[in-house]
Amino acid sequence: MKAKIIITPKKAVVDPQGKAVQNALGQMGNNGINAVHVGKYLEIELNDADRETARRQLDEACRKFLSNPVIEDFRLEIE
Amino acid sequence: MTFAVLQFPASNCDQDAIHALRDVLGQSARYVWHKETSLGDVDAVIVPGGFSYGDYLRCGAIARFSPVMQAVLQFAASGGLVLGICNGFQVLCEAGLLPGALIRNRSLQFRCEHVYLKTLAADSPFTNQIPPDKLLKIPIAHGEGCYFADEETLDKLKANNRILWQYCNAQGEVTDAANPNGSLWNIAGICNERRNVAGLMPHPERACEQLLGSADGCLIFQSLIHPLQGRTVSKAA
């Protein structure tokens, strides 16, 4: 079982990194991009067979540690 | 006065802090390794600058789990004075001792230069010896010092005079051009509601001797020492 966690900056937070990537993409000729948000991707390999327990624990870990709720949103997927 | 200066893996301003406290300000100061579970008998804690745990995940995010941080949380809860400098400020925010977060500089550049600070609140253990209208010339050295908090938090900080320092120009004007990292409201440093925990991105420990270009940082440490001396006198009495 594997957990995938995607962390992105909150919309209200200025994201200069996303802006810089957007500008560079524009210079490559990629027009029509409204915004770029640069975040983080974590892949966690699990040996716990209980999907719900794993989800509950990782959800808590995302809130308390892996993301900072002041500046980031997260999405947790278990597969 | 006895200061504890924490040491995490990749702290790199710990020796500067010890030097400023011991050799310039004549205080007793000792290192406390991050694996310690007790701070010992100390009057104040400095969480120094650096790149604790390589800034992995987010600046300060992993240092908060070091055993010594439990002791710092207890020390702060009992009213002990805690000052976080640069990475130390980031650690204190991640540990929940201070509100908000420090994110990538607006310019995306690591900024290493002297800045001017305006002190907004003199009624704190971190600012009480700073004369009115005195601008502090202190260096910054960070890539992630852009202070962010939601509107409600920012309103609370303003309402309770918890914004201790703002970036300003040499004339004391708080302008966008004088903001080195894009911090909301030019915030350089704040304190908690109880006013015993503070953090700032600039490095006062690097500005304690004229030889280094400024001795203004002494005023912040002297502010810390002042109430501690008072406390010792009252203890003795």
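Chain naming here is simple, since letters A, B, ... match the order of the sequence lines and numbering starts at 1 in each.
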Side chain proximity check, V14(A) to F148(B), heavy atoms < 4.5 angstrom: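 In short, these two side chains do not touch, never coming nearer than 4.5 Å.
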Output the donor-acceptor atom pairs between chain A and chain B under 3.5 Å, with atom names and distances to 0.1 Å.
residue: K40(A); atom: NZ; partner: L57(B); partner atom: O; Å: 3.0
residue: K64(A); atom: O; partner: R64(B); partner atom: NH1; Å: 2.8
residue: K64(A); atom: O; partner: R64(B); partner atom: NH2; Å: 2.7
residue: F65(A); atom: O; partner: R58(B); partner atom: NH1; Å: 3.0
residue: F65(A); atom: O; partner: R58(B); partner atom: NH2; Å: 2.7
residue: L66(A); atom: O; partner: R58(B); partner atom: NH1; Å: 2.9
residue: N68(A); atom: ND2; partner: E94(B); partner atom: OE2; Å: 3.2

Which portion of I103(B) sits near chain A, non-hydrogen atoms under 4.5 angstrom: side chain
Distance in Å, I62(B) CD1 paired with F65(A) CZ, rounded so as to fall on 0.5 Å steps: 4.5 Å
Minimum-distance pair of heavy atoms, taken over all atoms of L108(B) and A20(A):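 Closest heavy-atom pair between L108(B) and A20(A): CD1-CB, 3.4 Å.
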L66(A) versus chain B, the contacting section by heavy-atom distance below 4.5 Å: both
